[in-house]
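Below you'll find the structure, written out as structure tokens, and then a few comments.
Chain naming here is simple, since letters A, B, ... match the order of the sequence lines and numbering starts at 1 in each.
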2 protein chains.
Amino acid sequence: MRIGELSRNTGVSVPTIKYYVREGLLPPGELTSPNQATYGEAHERRLQLIRALLDVGGMKVAEIADVLAALDDPERPLHKVLGAAADHLSNGGVEHDDAESAAARAVVADLISRRGWRTNESNPAATDLSKALAAMDRLGHGAFVEVLDDYADAAEQVAEADLRYVDRRVAVEGMMEAVVVGTVLGEAVFNALRRLAHVDASAQLYGTDGSQERKTS
Amino acid sequence: MRIGELSRNTGVSVPTIKYYVREGLLPPGELTSPNQATYGEAHERRLQLIRALLDVGGMKVAEIADVLAALDDPERPLHKVLGAAADHLSNGGVEHDDAESAAARAVVADLISRRGWRTNESNPAATDLSKALAAMDRLGHGAFVEVLDDYADAAEQVAEADLRYVDRRVAVEGMMEAVVVGTVLGEAVFNALRRLAHVDASAQLYGTDGSQERKTS
DNA sequence: AGAAGCGGATAGCGGCACTATCCGCTATCC
DNA sequence: GGATAGCGGATAGTGCCGCTATCCGCTTCT
């Protein structure tokens with residue numbers, strides 16, 4: 001397959017494919033002459049993965065490059081790949097160091113120990129959680145912590161479902177990718193489901209119909 | 001309070017505050033002379049809200065402007081504000097029209113009717129969900145639908161917790177904001193919890209410790 | 001032979017969230 | 001009452017990001 005066909009099959013423009021190759025997201029095609037190359041099914045799949053992580057998962061190109069490098073490295077242990085993927089879902093940014101942040105960190109530490117989670121507070125997810133809770137506290141929504149355990153229950157269920165799914169595909173060669181896809185796209189799936197459930201729950205409570213008027217911008 | 005103090009109190013630079021005013025995120029200060037103005041606590045709170053939606057919620061400035069305009073409009077009914085906020089968590093983009101997308105839409109429609117959710121398929125969240133499932137299908141993870149109901153169960157629980165939280169603060173004037181904050185920041189909270197739970201669940205399964213080595217980029 | 005397509009390289013674009021600079025004015029300190 | 005710091009308002013510029021446009025000389029198809 002040549003680049004034009006690859007482009008047609010995936011809906012990704014030729015210059016964009018070239019760009020992905022330059023950025024190391026996609027391996028170059030196999031050269032048949034000094035300036036001709038062919039691409040295989042692996043390239044097609046890889047392109048689909050890139051577009052999914054980009055469009056659905058909202059990851060950045062550079063982050064995707066990291067994760068794919070980890071995926072391609074056969075020496076990389078599973079939990080490192082997971083770490084690479086999860087890290088990139090983190091929103092980065094800098095943490096305040098005010099009273100609310102300190103309180104939020106304490107809440108998170110308590111939550112982790114209370115639930116017996118085998119992780120520690122240096123986990124980027126824990127930092128993100130602290131930041132979110134601190135922001136809520138600053139906004140006068142400190143009481144949100146009262147529903148944290150409901151959230152954590154649901155999170156555990158989802159995590160178990162994820163693991164069950166990954167574990168089901170015993171083929172080891174696909175497992176790494178399944179973890180990445182499950183983590184990143186699973187997040188998008190859950191967020192969409194949550195918003196759907198919100199509409200229903202609020203309809204139940206406030207008696208509106210669930211239809212969404214589109215804004216006339 | 002003058003703009004410098006507002007800046008110091010919130011950690012947002014003076015030019016950035018001016019920028020937010022220009023973009024309509026923040027109302028201008030009250031003029032005491034033709035070119036002097038003072039800001040109150042409302043401005044401080046509003047700035048915190050802006051930063052939270054921006055940094056933690058990952059929203060864009062223009063989207064925040066929309067949501068805040070909806071919040072400020074006393075005529076705007078609750079569910080419209082919710083719609084405005086939820087819409088902006090949508091990833092936008094264009095939907096393919098291939099076999100996987102059609103199948104995904106069918107799965108979503110089925111899910112909605114099976115769970116009796118009072119919403120319809122034109123809801124942007126439903127579109128997002130279809131897109132995510134279609135992407136998974138294209139990647140050979142069509143079997144992910146098998147855990148969709150586990151996800152939906154958890155999503156319902158979270159949505160109920162959200163509603164319970166919002167409903168608890170009977171004060172109507174804060175309710176709108178509570179909905180927005182709960183929807184947007186709640187998403188960040190849940191995603192972080194899910195990643196924490198992942199680490200624990202995979203530790204349980206694969207016997208690694210849960211510590212996260214930081215990448216040495 | 002001619003046209004279309006290719007690989008590779010470099011430069012440019014549009015969107016976004018700021019940031020820098022300048023202006024004339026004002027509040028404040030001494 | 002004069003210096004100085006800060007102010008409101010406006011305009012232009014910056015850095016990053018994900019592409020996109022253009023050009024080159026070469027190959028493949030017809």
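Within the structure, ring-ring contact (aromatic ring centres under 6.0 Å, His included) pairs that include any residue of residues 45-64 of chain A do not occur (at least two apart or interchain). Residue pairs meeting the salt bridge (Lys or Arg N to Asp or Glu O under 4.0 Å) criterion with at least one member in residues 89-105 of chain A, sequence neighbours excluded: E95(A)-R105(A), D98(A)-R138(A).
Qualifying side-chain contact (heavy atoms from CB on, under 4.5 Å) partners for N191(A), counting only residues two or more places apart in sequence or in other chains: E187(A), E187(B), N191(B). With sequence neighbours excluded, the residues that form a salt bridge (charged side-chain N to carboxylate O under 4.0 Å, His left out) with E146(A) are R168(B). Partners of R194(B) according to the side chain to side chain donor-acceptor pair (under 3.5 Å) rule, which considers only residues two or more places apart in sequence or in another chain, are D162(A), Y151(B). Take E63(A) and apply the side-chain contact (heavy atoms from CB on, under 4.5 Å) test, not counting sequence neighbours, and it matches M59(A), K60(A), H88(A). Every residue two or more places apart in sequence or in another chain that forms a side-chain contact (heavy atoms from CB on, under 4.5 Å) with H141(A) is listed here: M136(A), L139(A), Y165(B), R169(B), E177(B), A178(B), V181(B). Not counting sequence neighbours, the partners of N9(B) by the side-chain contact (heavy atoms from CB on, under 4.5 Å) test are M1(B), E5(B), E44(B).
Atom CD in E23(B) sits roughly 14 Å away from atom C1' in dT19(C) (whole-Å rounding). Computed from coordinates, the I17(A) CD1 to dA21(D) C1' distance equals 16 Å when rounded to whole Å.
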#### Entry: Under the 3.5 Å Watson-Crick or G-U criterion, the dot-bracket string of DNA chain C, with | for inter-strand pairs
||||||||||||||||||||||||||||||
Could you list the donor-acceptor pairs under 3.5 angstrom formed by side chains in residues 16-42 of chain B, with sequence neighbours left out?
from   : atom 1 : to     : atom 2 : distance (Å)
T16(B) : OG1    : S13(B) : OG     : 2.8
Y20(B) : OH     : R51(B) : NH1    : 2.7

Would you tabulate the nitrogen or oxygen pairs shorter than 3.5 Å linking the protein to nucleotides 6-8 of chain D?
from   : atom 1 : to     : atom 2 : distance (Å)
dC7(D) : OP1    : G4(B)  : N      : 2.9
dG8(D) : OP1    : A37(B) : O      : 3.3
dG8(D) : OP1    : Y39(B) : OH     : 3.4
dG8(D) : O4'    : N35(B) : O      : 3.1
dG8(D) : N7     : K18(B) : NZ     : 3.2

### Summary
Quick tally for nucleotides 14-19 of chain D: nucleotides whose base has a protein heavy atom under 4.0 Å get B, sugar-phosphate-only ones S, the rest -, giving ----BB
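Minimum heavy-atom separation, A134(B) to A104(B): N-CB, 3.7 Å.
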